[in-house]
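Chain naming here is simple, since letters A, B, ... match the order of the sequence lines and numbering starts at 1 in each. In this text, all values refer to a predicted model and were calculated from it rather than measured experimentally.
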Number of protein chains: 2
Amino acid sequence: MKTDMRIVKTKEALHEALLTLLDEKSLETISITELCRTARVNRGTFYLHYGRVEDVFEEYFREITADLAVSYQEPYRHVAVLKTSELDPDTIRIFHHVKKYERFYRIVFSKNVPLQYYYLLFEEVKGLLLTDPEAEVRVGIDAGLFSAYQANAIIGMLLHWCQHDFSYTVDELNRQLVRIVSAGTTGQ
Amino acid sequence: MKTDMRIVKTKEALHEALLTLLDEKSLETISITELCRTARVNRGTFYLHYGRVEDVFEEYFREITADLAVSYQEPYRHVAVLKTSELDPDTIRIFHHVKKYERFYRIVFSKNVPLQYYYLLFEEVKGLLLTDPEAEVRVGIDAGLFSAYQANAIIGMLLHWCQHDFSYTVDELNRQLVRIVSAGTTGQ
DNA sequence: AATTTTATTGAACAGTTGTATAGTAAATGA
DNA sequence: TCATTTACTATACAACTGTTCAATAAAATT
């Protein structure tokens with residue numbers, strides 16, 4: 001059975017209202033009452049679907065992280081983007097993606113926002129690494145631990161990028177990632 | 001001039017009350033009113049020093065991350081703990097530290113908590129890496145970006161550890177880190 | 001010990017939160 | 001098209017939030 005049209009309408013109204021309000025103020029300062037007033041949705045209805053304003057934002061952000069995955073799945077020139085060896089700056093798509101949705105990632109990485117979005121991104125990037133064709137696990141290294149290490153390392157670059165107001169160019173970051181990864185940590 | 005004794009007393013009362021309440025319920029569910037009632041501090045007084053319950057927790061957590069730094073500064077056997085080369089499992093202290101304060105890190109890494117604590121930890125670990133005696137920056141690699149990469153990679157392991165209910169032993173993690181780092185990413 | 005400074009208190013305010021209930025409206029499916 | 005199901009609304013409630021204020025108490029300064 002498909003979802004009730006009324007639910008779709010309610011959610012769309014809340015999504016739209018959230019975007020409108022985000023143009024004026026920060027996510028933390030948007031109250032449920034205010035969001036519902038803007039969306040012309042009863043506050044009780046809100047609680048039927050969500051618990052906090054942040055949950056509405058999360059619904060949005062899931063679509064965005066899905067875009068991240070999609071851009072990797074298309075096999076044209078973006079294959080094996082996060083291959084940790086034989087890494088080519090032109091095949092790395094993650095910085096493009098983040099730049100494209102910079103406005104959202106500024107929110108995701110802002111300090112008063114809950115960790116839930118961070119985990120969403122973390123899981124997404126880990127997933128990309130695990131579907132990496134070169135996933136020949138090294139002996140003695142825990143695969144889960146390793147992908148957590150690698151994925152979060154890249155997110156660390158994103159955090160740094162955001163902290164510096166996204167002032168690096170995408171190409172610059174691609175080159176830096178290649179250097180850091182291919183330099184490894186032993187072969188200085 | 002030193003801080004007023006009344007302020008110290010008020011803050012201690014709030015700290016104590018927060019610990020008491022954290023034994024029973026999660027951080028997000030503790031209201032300002034409840035915290036003040038427990039601490040026997042007027043709610044208006046709370047707003048004189050803090051804005052949210054989380055800010056009281058942050059004050060605590062700062063002491064804990066300070067302990068992380070201290071354990072590295074003592075030059076006995078813990079020197080150069082996060083040296084990225086010549087890494088010895090016995091010199092790595094970060095997993096010991098996190099295990100010691102597991103109760104706090106469970107909160108810091110829980111999904112409804114604001115990113116502010118994460119950044120506190122991120123900055124602390126980055127600081128440890130930057131004071132690394134081996135900080136001979138490789139040519140063409142941005143030092144800030146590199147330490148962000150490395151620091152967050154390690155925190156990625158912590159996230160994974162927490163997600164798996166801290167079931168790895170400290171020694172196991174130390175060994176894994178050594179393997180991951182010293183295997184590098186090129187020399188498969 | 002007396003004076004000045006300032007942290008804390010208690011009270012009050014409008015607005016928000018989370019929850020519940022009964023009535024209404026709209027979508028679904030036969 | 002009609003009956004059934006279910007999402008939505010309006011309203012109400014107690015508790016919490018963020019802020020302000022005059023009064024008080026307790027520090028710091030002389």
Atom pair distance, as rounded to whole Å: [atom1] in [X] and [atom2] in [N]:
X       : N      : atom1 : atom2 : value
B:Asp55 : D:dG18 : CG    : C1'   : 14 Å
A:Leu48 : C:dT19 : CG    : C1'   : 12 Å
B:Arg52 : D:dT17 : CZ    : P     : 13 Å
B:Glu54 : D:dT17 : CD    : P     : 11 Å
A:Arg43 : C:dG18 : CZ    : P     : 9 Å

Check your understanding: Does A:Thr29 use its side chain to pair, donor to acceptor, with the backbone of A:Lys25 at less than 3.5 Å?
Key -> no
Check your understanding: Between the side chain of B:Gln176 and the main-chain N/O of A:Asp142, is any donor-acceptor distance below 3.5 Å?
Key -> yes
Check your understanding: So, is A:Thr45 close to the D:dT9 phosphate, meaning a side-chain N or O under 4.0 Å from OP1 or OP2?
Key -> yes
**Study point:** Carboxylate-amine/guanidinium contact B:Lys126 B:Glu123, below 4.0 Å
**Key:** yes
Review point. Considering heavy-atom distances to DNA chain C, does B:Gly44 or A:Asn42 have its closest nucleotide positioned more toward the 5' end?
Key: B:Gly44
Exercise for review: May I ask you to list the residues of residues 23-34 of chain A, by number, that have any heavy atom positioned under 4.0 Å from an atom of DNA chain C?
Suggested key: A:Ser31, A:Ile32, A:Thr33
Protein-nucleotides 25-28 of chain C N/O pairs under 3.5 Å:
| from | atom 1 | to | atom 2 | distance (Å) |
| --- | --- | --- | --- | --- |
| C:dA26 | N3 | A:Arg6 | NH1 | 3.0 |

Point to revise | Worked check of salt bridge (Lys or Arg N to Asp or Glu O under 4.0 Å) between B:Asp165 and B:Arg106 | key: CA-CA 9 Å; B:Asp165 212 36; B:Arg106 276 185 191 276; 2.8 Å; yes
How about [X] and [Y]: are their ring centres within less than 6.0 Å of each other?
X        : Y        : value
B:Phe61  : B:Tyr105 : yes
A:Tyr117 : A:Phe57  : yes
B:Tyr168 : B:Phe95  : no

Point to revise | Test side-chain contact (heavy atoms from CB on, under 4.5 Å) applied to A:Tyr119 and B:Phe109, step by step | key: CA-CA 10 Å; A:Tyr119 277 115; B:Phe109 293 147; 3.5 Å; yes
Point to revise | Residue closer to the 5' end of DNA chain D, B:Gly51 versus A:Arg40 (nearest nucleotide) | key: A:Arg40
Revision key, fill the gap. Axis-to-axis angle across the helix from C:dA1-D:dT30 to C:dA30-D:dT1, five pairs each end, nearest 10 degrees, ~ 40°
**Study point:** Sole candidate of B:His96, B:Lys99, B:Met157 that passes side-chain contact (heavy atoms from CB on, under 4.5 Å) when paired with B:Leu173
**Key:** B:Met157
